[in-house]
Each structure stands twice: as structure tokens, then as C-alpha cells.
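We're numbering straight along the sequence, starting at 1.
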Amino acid sequence: MAAAAWCYCGDPEAEQPALLVTFSNGQLQRPGAVRFSLYRSSEAANPRKRRRRILVSETERLSYVGNNFSSGVMKCNSLCRYFLGVLDKASGQMKVYNAEIFNMQPLLSDNIIPDDTKDYQNKSYREKVDLCIEAFGTSKQKRALNSRRMNAVGNDILNTAVTKAAADVIDAKGVTALIQDVAQDDEQNLSVFLPPCHEDADKPENVYKFEDTEYEALKGPAVAFINITAEEITKKTEEKSHCSFVLEELKILPTDEKSRDHKARCLWFLDILIKFSFLKIIKKKHPMGPECPHIISRKLMKNFSSLTYNNGGVQNLISASLKTKIAAYVIALALHIKNFQVDLTILQNDLKLHESRMMDIARAMRLKVSKAKGLPGLENDQSHRLGTLSLPLPVPKAPGGQRKRRKIN
């Protein structure tokens with residue numbers, strides 16, 4: 001490097017390293033005419049920031065600035081050490097001092113902070129912090145700042161586009177039509193999880209037809225219900241080993257052998273459906289225990305759970321929508337058991353659902369919902385909701401969240 005390209009600044013006798021400066025855009029013609037100012041970091045307790053320095057120089061034409069911490073610092077400062085030798089011509093001895101190199105960049109007039117600080121004072125705290133990051137922030141902070149600004153611009157454009165698109169749709173269709181579309185969408189989403197409905201049925205039992213595909217497999221586990229005694233029912237009621245609906249129906253099993261066998265099978269499957277709905281993540285191959293036939297267990301897993309990937313493996317999950325599907329199938333089975341009129345409040349308590357959700361499912365299944373006094377002997381013997389399946393089927397109504405609201409003047 002040419003000696004004329006370098007300029008010394010500082011006191012070699014001071015404890016701080018001597019400063020060697022080089023100018024990126026040329027050589028100094030008169031080094032003695034340049035004025036230098038050194039600024040040190042005020043955070044002396046911070047080991048990363050206490051050595052930070054900003055050197056400012058002024059000439060007749062331009063101002064220059066350099067520092068030892070920004071991304072534009074010369075890499076040679078971190079790769080090696082520099083020393084300054086001062087030769088005493090009288091004694092012929094040289095003293096050596098630690099030195100640090102500053103690369104001075106011209107400070108253009110656009111970057112100079114104006115004397116009028118009113119505009120700065122009017123800026124928000126966030127804007128002031130951003131200005132500090134631009135001037136003194138690390139490379140990582142500057143990248144984060146640029147990324148945040150780009151995202152802000154993108155969000156503004158997206159919000160403007162969405163607002164314009166929404167306004168266009170509202171102008172084209174009108175608010176009333178949009179509310180009706182939302183109600184129809186909710187109804188369609190709920191209907192996906194309902195049992196197949198045969199609207200052209202000639203009898204109530206044919207609206208939701210009884211599935212007998214796995215009926216034979218229910219014979220074995222239903223034997224316990226067929227031969228149950230009054231003492232066993234009392235004990236099961238105290239232990240709460242079965243849901244309330246099943247326990248009440250076990251008390252009134254028909255005496256006819258064929259009817260008793262049919263009802264026992266239906267009650268056992270309804271009870272296993274409700275117990276299955278309480279599961280969330282299924283890890284076992286036979287979640288309902290060894291007494292549940294394999295064909296029934298496979299039916300539950302296939303129709304009322306979904307596969308999900310978690311912790312490196314595949315698991316079965318029962319989501320809120322699948323619990324709604326289970327509730328719909330429970331209602332359909334209970335209608336066959338109770339001659340197509342069922343106490344929905346009892347099933348709601350057994351399934352641990354909110355009343356509004358249970359009523360939405362019942363109405364989506366085209367049941368007529370009415371109020372009725374709860375069955376005697378049950379807890380919370382208050383007004384219950386009764387669901388009845390009768391022909392002709394009523395016109396489907398919007399879910400509870402879209403019911404018509406009373407106008408308030």
C-alpha cells in the first residue's frame with residue numbers, strides 16, 4: 001500500500017490503540033488540514049459493544065465516516081493485528097504501539113441529518129428504533145428490518161385487494177344473499193357427517209335404514225345384556241359403567257326372546273359408540289378392549305376416526321367433526337330403539353355435547369324437536385328436548401348459528 005494513502009490520527013502515548021485511517025475514494029493532499037472526531041460506545045459494561053468506535057473527519061469539500069463494527073468494516077482488523085512504530089531520530093530508537101485501521105467512506109449530503117429535528121420528534125418510537133438500526137444495527141438486525149418492511153408492504157397490498165374483492169362481491173350479490181349462502185354451506189358441511197337419509201321413504205324406519213352388516217357379530221357381546229338381572233342393573237347404575245340411555249332401556253327389555261335379543265344388540269352397539277366418542281388419539285389396535293369383536297372394532301376405526309401423522313408414526317384421531325358424526329349415528333340408532341321418538345337431552349348428556357350442537361344435529365336429521373318433561377328417576381329432571389321422526393319430513397332449517405335474529409329498533 002502506498003504511504004500517501006494512509007493518515008495517522010490519535011495520541012500514541014494514550015492507552016487506546018492508535019488509529020490508522022485510509023480513504024476509499026482517493027489520497028489526501030493535505031493531511032494536516034483534516035479534522036477528526038472520535039466517538040466511543042457508552043455501553044462500557046457490554047463486552048461486545050464497549051470497543052465500538054465511530055470516526056468522523058471533515059475536509060473542505062466532503063465529510064467522511066468510518067467505524068469498526070458495521071458490515072462494511074475491513075476484514076483485516078479481525079484477521080491480524082496492526083502496530084504503529086514511532087521513530088525518535090535523535091536517539092535512533094523506535095516505540096511500537098497497537099493500532100487499528102478505519103476505512104473512511106464519504107458521507108453524502110443526502111445522508112446528513114438536518115439541523116431541523118421537528119420531523120424526527122414527530123416520528124413514532126418504532127420509527128426511531130428503525131433509524132437507529134439503520135445506522136448502528138448489526139447485519140442480522142438490518143436484514144430483519146428489511147424483511148419486516150417488505151412484509152408490511154405485502155400485507156397492505158393484500159388487505160387492499162381483499163377489501164376491494166369483498167366490496168365487489170357484496171355489491172354484486174347483496175348482504176341477504178351472502179347470509180343465505182353461508183347458511184347453506186353450514187348445512188352442507190353438517191350433512192356430510194349424517195347417516196344416509198332416504199327422503200322418499202314410506203315409513204319412518206326406512207328413513208335411516210338399520211344396518212345389519214355387522215349385526216351377527218353383536219350376538220356374542222350382547223348376551224350379557226340379554227341375561228342381565230335387576231341387581232346387576234342397579235350395580236351398573238351405581239358404577240356408571242354404561243350411559244344413562246342404555247341403563248334405562250335395560251330396565252324395560254322386552255320378554256319376547258327375539259325382540260329382547262334385537263334390542264340388546266342395538267343397546268350394546270349404541271353404548272360402544274358413545275364410549276368410542278370419548279377417545280381423542282387412538283394408539284391401541286383394539287381400543288374398545290378384547291370383548292369388542294374385531295369386525296366391530298374395524299368398523300369404528302374406519303368410519304369414525306381419521307389417520308394422522310404424529311411423533312414419527314401414524315395414529316387414529318377422533319376430531320370434533322367425527323364426534324358429530326358419531327352423535328348423528330347414535331341418534332339414528334336410538335330412534336330405532338325408541339320407536340322413532342327419543343329424549344335428546346339424555347343422549348346429549350351421555351355424549352357430553354352442548355345443547356345447541358345437539359339441536360343442530362337433530363334438526364339436520366329432519367327431526368321435529370319439542371319440549372317434554374324428563375323421564376322420572378333421572379338426575380336434573382327438568383324440561384327435556386324430545387326428537388321425533390315422522391313423515392312427511394320437515395324442511396331442513398339453518399344451523400343454530402344462522403337462526404333468524406329479532407330486529408332491534
Side-chain angles (χ1 to χ4, degrees), residues 192-196 208-229 232-251 253 260-311 313-338 342 344 346-353 357-358 361 365:
V192 174
F193 303 101
L194 300 181
Y208 297 105
K209 291 185 178 180
F210 187 83
E211 296 183 7
D212 55 359
T213 309
E214 293 84 12
Y215 186 75
E216 191 63 30
L218 298 172
K219 182 177 181 180
V223 171
F225 282 0
I226 296 173
N227 301 325
I228 198 168
T229 62
E232 290 175 335
I233 294 175
T234 303
K235 183 179 179 181
K236 289 180 179 294
T237 303
E238 293 173 352
E239 296 174 349
K240 296 182 178 180
S241 56
H242 301 287
C243 62
S244 299
F245 180 87
V246 171
L247 290 172
E248 289 301 316
E249 291 303 313
L250 286 175
K251 296 177 184 178
L253 283 175
R260 188 181 183 91
D261 175 71
H262 174 73
K263 187 171 183 178
R265 297 190 194 195
C266 294
L267 288 174
W268 187 91
F269 187 65
L270 185 142
D271 186 64
I272 211 73
L273 265 179
I274 293 178
K275 290 178 179 178
F276 188 77
S277 70
F278 297 148
L279 303 178
K280 291 184 178 179
I281 297 178
I282 304 171
K283 298 180 180 180
K284 298 179 181 179
K285 188 175 182 180
H286 302 286
M288 306 314 297
E291 67 276 3
C292 181
H294 176 69
I295 188 173
I296 302 298
S297 180
R298 187 173 60 187
K299 178 184 178 69
L300 294 174
M301 298 284 279
K302 179 181 178 181
N303 295 342
F304 303 107
S305 71
S306 59
L307 289 176
T308 181
Y309 186 80
N310 188 27
N311 294 330
V314 177
Q315 297 175 342
N316 286 77
L317 175 72
I318 299 179
S319 61
S321 57
L322 286 171
K323 188 170 182 178
T324 298
K325 182 178 181 180
I326 294 175
Y329 277 77
V330 166
I331 293 174
L333 186 55
L335 288 170
H336 282 274
I337 295 172
K338 294 291 291 179
V342 63
L344 296 172
I346 295 178
L347 293 178
Q348 168 205 324
N349 294 334
D350 288 338
L351 288 163
K352 298 180 180 179
L353 291 175
R357 189 59 175 165
M358 194 68 176
I361 298 172
M365 294 180 68

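- Take Ser321 and apply the side-chain hydrogen bond (donor to acceptor under 3.5 Å, both in side chains) test, not counting sequence neighbours, and it matches Ser319.
- Expressed to the nearest 0.5 Å, how far CD of Gln348 lies from CD1 of Ile331 amounts to 10.0 Å.
- The side-chain hydrogen bond (donor to acceptor under 3.5 Å, both in side chains) search around Ser241 returns none, not counting sequence neighbours.
- In this structure, NZ on Lys263 lies 8.5 Å from CG on Leu250, to the nearest 0.5 angstrom.
- Shown here are the salt bridge (charged side-chain N to carboxylate O under 4.0 Å, His left out) partners of Asp271, two or more places apart in sequence or in another chain: Lys275.
- Atom-to-atom distance recorded for Lys352:NZ and Leu347:CG is 14.5 Å, nearest 0.5 angstrom.
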### Query
Which is it for Leu300 and Leu273 under the side-chain contact (heavy atoms from CB on, under 4.5 Å) test, yes or no, and what are the steps along the way?
CA-CA 8 Å; Leu300 294 174; Leu273 265 179; 3.7 Å; yes
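- Judged by distance alone, with hydrogens and angles left aside, the side-chain atoms of Asn316 form no donor-acceptor pair with the main-chain N or O of Ser305 at under 3.5 Å.
- Atoms OG and CG, on Ser277 and Leu353 in that order, are 7.5 Å from each other to the nearest 0.5 Å.
- Residues Tyr215 and Arg265 approach most closely at O-NH1, 3.0 Å, considering heavy atoms.
- The line from CG of Leu279 to CD1 of Ile318 is 5.0 Å long, rounded to the nearest 0.5 Å.
- Partners of Pro293 under the side-chain contact (heavy atoms from CB on, under 4.5 Å) rule, at least two apart in sequence or in another chain, are Ala217, Pro221, Trp268, Ile295, Ile296.
- The shortest non-hydrogen separation linking Ala327 to Leu351 is CB-CD1, 3.7 Å.
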#### Entry: Steps toward side-chain contact (heavy atoms from CB on, under 4.5 Å) verdict (Leu317, Ile282)
CA-CA 6 Å; Leu317 175 72; Ile282 304 171; over 6 Å; no
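- Every residue two or more places apart in sequence or in another chain that forms a ring-ring contact (aromatic ring centres under 6.0 Å, His included) with Tyr329 is listed here: Phe304.
- Among residues two or more places apart in sequence or in another chain, the side-chain contact (heavy atoms from CB on, under 4.5 Å) test is passed with Ile226 by Arg260, Asp261, Ala264.
- Checked for salt-bridge contact, Glu239 and Lys236 miss the test: no charged N lies under 4.0 Å from a carboxylate O.
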### Task
Give the C-alpha distance, both sets of side-chain angles, the deciding distance and a yes or no for side-chain contact (heavy atoms from CB on, under 4.5 Å) between Leu267 and Leu253.
CA-CA 10 Å; Leu267 288 174; Leu253 283 175; 4.0 Å; yes
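- Between the side chain of Glu248 and the backbone N or O of Phe245 there is no donor-acceptor pair closer than 3.5 Å.
- At least one side-chain heavy atom of Thr234 sits under 4.5 Å from a side-chain heavy atom of Glu238.
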#### Entry: Derivation and outcome, side-chain contact (heavy atoms from CB on, under 4.5 Å), residues Asn349 and Ser244
CA-CA 8 Å; Asn349 294 334; Ser244 299; over 6 Å; no
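- A 4.5 Å side-chain heavy-atom check between Pro287 and Phe276 finds at least one atom pair inside the cut-off.
- His336 pairs by the side-chain hydrogen bond (donor to acceptor under 3.5 Å, both in side chains) definition with nothing, not counting sequence neighbours.
- Listed by first and then second residue, the side chain to side chain donor-acceptor pair (under 3.5 Å) pairs involving residues 289-298 amount to none (not counting sequence neighbours).
- Side-chain atoms of Lys325 come within 3.5 Å of backbone atoms of Asn303 as a donor-acceptor pair (strictly under, hydrogens ignored).
- The structure places SG of Cys243 at 10.0 Å from CD1 of Ile346, a figure rounded to the nearest 0.5 Å.
- Considering only residues two or more places apart in sequence or on other chains, Lys323 meets the side-chain hydrogen bond (donor to acceptor under 3.5 Å, both in side chains) condition with none of them.
- Phe269 pairs by the ring-ring contact (aromatic ring centres under 6.0 Å, His included) definition with nothing, not counting sequence neighbours.
- In this structure Lys235 satisfies the salt bridge (charged side-chain N to carboxylate O under 4.0 Å, His left out) test with no other residue, sequence neighbours excluded.
- With sequence neighbours excluded, the residues forming a side-chain contact (heavy atoms from CB on, under 4.5 Å) with Ala328 are Leu194, Pro195, Ile361, Met365, listed by chain and number.
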